[in-house]
Amino acid sequence: MKKLVNSISFFLFAAALFSCNKFLDVQPKNSVSDEVTIFNKASSEQALRGVYNALASSNYYGTGFQSIGYLSGDNVQWTGSQSQVQEFINHDVSAENSTIAGAWSAIYQVINRANNVIAKVPSVVDPQLTDAFRNQLIGEAYFIRALAYFDLVRTWGGVPLITSPTTSPKENSGIARSTADATYSQVISDLENADALLPETTNRYRATRKTVYALKARYYLYRGQWAEAEQFASLVINDSASYRLVGPYNSFFAADARGTVESVFEIFYNGTTEVNGHRNQWQPQTNGGTRQWAPSPALLALLSDPVTAGNRTSLVGKDNQGRWYGNLYYRNPASDPSWVIRVAELYLIRAEARAQLQNTAGALEDLNRIRYRSGLLPASENTSDLLLLAIEQERRLEFAFEPHRWFDLVRTNRAITVLGFTDVNKLLLPIPSQQILVDKALVQNPGY
């Protein structure tokens, strides 16, 4: 039974069944649908809240998945004793690693909850459920499913594509992994569906058409489709009434800030029923944390240099023993947002796309907007190659403790050069061993 619990299909079925019981027990806020729970406007809304709740879970954007993005880079050092965390820093992750197992299962739980909304809300009959609101709920589910498959493919490569609700333990066993290209195709298909259904409003905690534009820009960047990346980044940047950089750098997170005009999409936590566990890993013992993750010496060197850091030194602090710690997640109780997309990313996406398109003047303009906000002198690189390296460096500092560095180095084919390991198989993480054991249709990534 222990093995069976770890299969994708059983995990998703159990999650849906458990949430159904919660719904019947009248604990509705974050209930997830099964075949009987979505039947009117209220239960449709509750089902979508369940999708967002799963997105915010500790194994996904709460902590687990995000930690893969920065522990695997060169900005963070591990100060604890758990070898499974050190595996990311050493670029030698085991298929038995509990972090990847938790992230994989959490992401597929999001997908299953989104699948329920997409499959069942269209047929709900309720006079209070207008067509516009119905479309909005379905569009948000499509957006979140797109984000989930995007995170899966950039971490593991091609994965099983499951687009209908899981209702029995064995229903989705035996589904082979799709290719990476097919998985990316699923992402853009879901984004196109979301684009057609969502209103063009501004909401920093729920998906709208503008949120879709932002994720499309990131998608096209990863796919090397530079003109499209520039196009969709510009759609957000040009809406300056809704989205713009705030200054100085720490204005988007300091002094309990949340939902600033810099935020395109962030996840809300209230610190009681909805907790973001990040701060415990970063903050020192004097602040009630464990400081098991700390800025690396290489990052500290950059953040100590006024030529590279500017006012981004606010990302780090020292405890009473003179030890450095990361200060992006600091709130007590643990209510820090998880920033999924910020305007700063859109500027740097457009800068990179323009550099690739040989528009060096435009790329330099976007890069210098980020540098100006950070209190730095303008960059002066005048070739595409130099600009791309400068943009890489700016992204490293701008998103130092957000889950970008590892994925940036992998997508630009710079990971082996920068991080110094030699096995190209390590550019993808292993499929969790429990999944391989219970579903023979799953094939492990090479080298694991």
Donor-acceptor pair between [X] and [Y] side chains, under 3.5 angstrom:
{"X": "N270", "Y": "T272", "result": "yes"}
{"X": "N59", "Y": "Q109", "result": "no"}
{"X": "Y60", "Y": "D151", "result": "yes"}
{"X": "K210", "Y": "T202", "result": "yes"}
{"X": "E352", "Y": "Q356", "result": "no"}
{"X": "T163", "Y": "N115", "result": "no"}
{"X": "Q393", "Y": "T308", "result": "no"}
{"X": "S234", "Y": "Q231", "result": "no"}

What is the distance from atom [atom1] of [X] to atom [atom2] of [Y], rounded to the nearest 0.5 Å?
{"X": "L387", "Y": "N382", "atom1": "CG", "atom2": "CG", "value": "8.0 Å"}
{"X": "L419", "Y": "L409", "atom1": "CG", "atom2": "CG", "value": "5.0 Å"}
{"X": "I267", "Y": "R258", "atom1": "CD1", "atom2": "CZ", "value": "12.0 Å"}
{"X": "N368", "Y": "L377", "atom1": "CG", "atom2": "CG", "value": "9.5 Å"}
{"X": "L221", "Y": "D408", "atom1": "CG", "atom2": "CG", "value": "7.5 Å"}
{"X": "L191", "Y": "Q186", "atom1": "CG", "atom2": "CD", "value": "10.0 Å"}

What are the two closest non-hydrogen atoms of [X] and [Y], and how far apart are they?
{"X": "G362", "Y": "R354", "value": "O-NH1, 3.4 Å"}
{"X": "G73", "Y": "H91", "value": "O-NE2, 4.4 Å"}
{"X": "S67", "Y": "W293", "value": "CB-CH2, 3.5 Å"}
{"X": "R291", "Y": "W324", "value": "NE-O, 2.8 Å"}
{"X": "A148", "Y": "I107", "value": "O-CG2, 3.5 Å"}
{"X": "T183", "Y": "S178", "value": "OG1-CB, 4.1 Å"}

Could you check whether any side-chain N or O of [X] sits under 3.5 Å from a backbone N or O of [Y], counting only pairs where one atom can act as donor and the other as acceptor?
{"X": "R134", "Y": "T130", "value": "no"}
{"X": "R113", "Y": "A47", "value": "no"}
{"X": "D305", "Y": "A301", "value": "no"}
{"X": "H278", "Y": "G62", "value": "yes"}
{"X": "T79", "Y": "Q292", "value": "yes"}
{"X": "Y142", "Y": "D195", "value": "no"}
{"X": "S57", "Y": "N53", "value": "no"}

Is the shortest heavy-atom distance from the side chain of [X] to the side chain of [Y] under 4.5 Å?
{"X": "T211", "Y": "R204", "value": "no"}
{"X": "L429", "Y": "I68", "value": "yes"}
{"X": "Y108", "Y": "V159", "value": "yes"}
{"X": "Y61", "Y": "V110", "value": "no"}
{"X": "E200", "Y": "T208", "value": "no"}
{"X": "F265", "Y": "F143", "value": "yes"}
{"X": "S43", "Y": "N40", "value": "yes"}
{"X": "F399", "Y": "L348", "value": "yes"}

Using a strict cut-off of less than 4.0 Å between a Lys/Arg side-chain nitrogen and an Asp/Glu carboxylate oxygen, indicate whether [X] and [Y] qualify as a salt bridge.
{"X": "E398", "Y": "R371", "result": "no"}
{"X": "R396", "Y": "E392", "result": "no"}
{"X": "R342", "Y": "E262", "result": "yes"}
{"X": "D336", "Y": "R279", "result": "no"}
{"X": "E345", "Y": "R218", "result": "yes"}
{"X": "R145", "Y": "D190", "result": "yes"}

For [Y] together with [X], are the ring centres under 6.0 Å from each other?
{"X": "W339", "Y": "F252", "answer": "yes"}
{"X": "Y222", "Y": "F150", "answer": "yes"}
{"X": "Y219", "Y": "F232", "answer": "no"}

* Asked: Please walk me through it: do S384 and Q358 pass side chain to side chain donor-acceptor pair (under 3.5 Å)?
  -> CA-CA 6 Å; S384 293; Q358 305 302 312; 3.0 Å; yes
* Asked: Between F401 and W282, what is the ring plane arrangement, given parallel below 30°, perpendicular above 60°, and tilted in between?
  -> tilted
* How are the rings of W156 and W104 set to each other: parallel, tilted or perpendicular (split at 30° and 60°)? -> perpendicular
* Could you go through the side chain to side chain donor-acceptor pair (under 3.5 Å) check for Q283 and D319 one step at a time? => CA-CA 9 Å; Q283 289 295 307; D319 67 8; over 6 Å; no
* Using the side chain to side chain donor-acceptor pair (under 3.5 Å) rule, take S263 and E266 through it: C-alpha gap first, then chi angles, then the decisive distance, then the call. => CA-CA 7 Å; S263 178; E266 68 183 60; 2.8 Å; yes
* Cation-pi check, R154 onto F407 ring (under 6.0 Å, within 45° of axis) -> yes
* To do: Begin with the C-alpha distance, continue with both residues' side-chain angles, and end with the deciding distance and a verdict on salt bridge (charged side-chain N to carboxylate O under 4.0 Å, His left out) for R312 and E394.
  => CA-CA 11 Å; R312 285 182 291 217; E394 212 64 37; 2.7 Å; yes
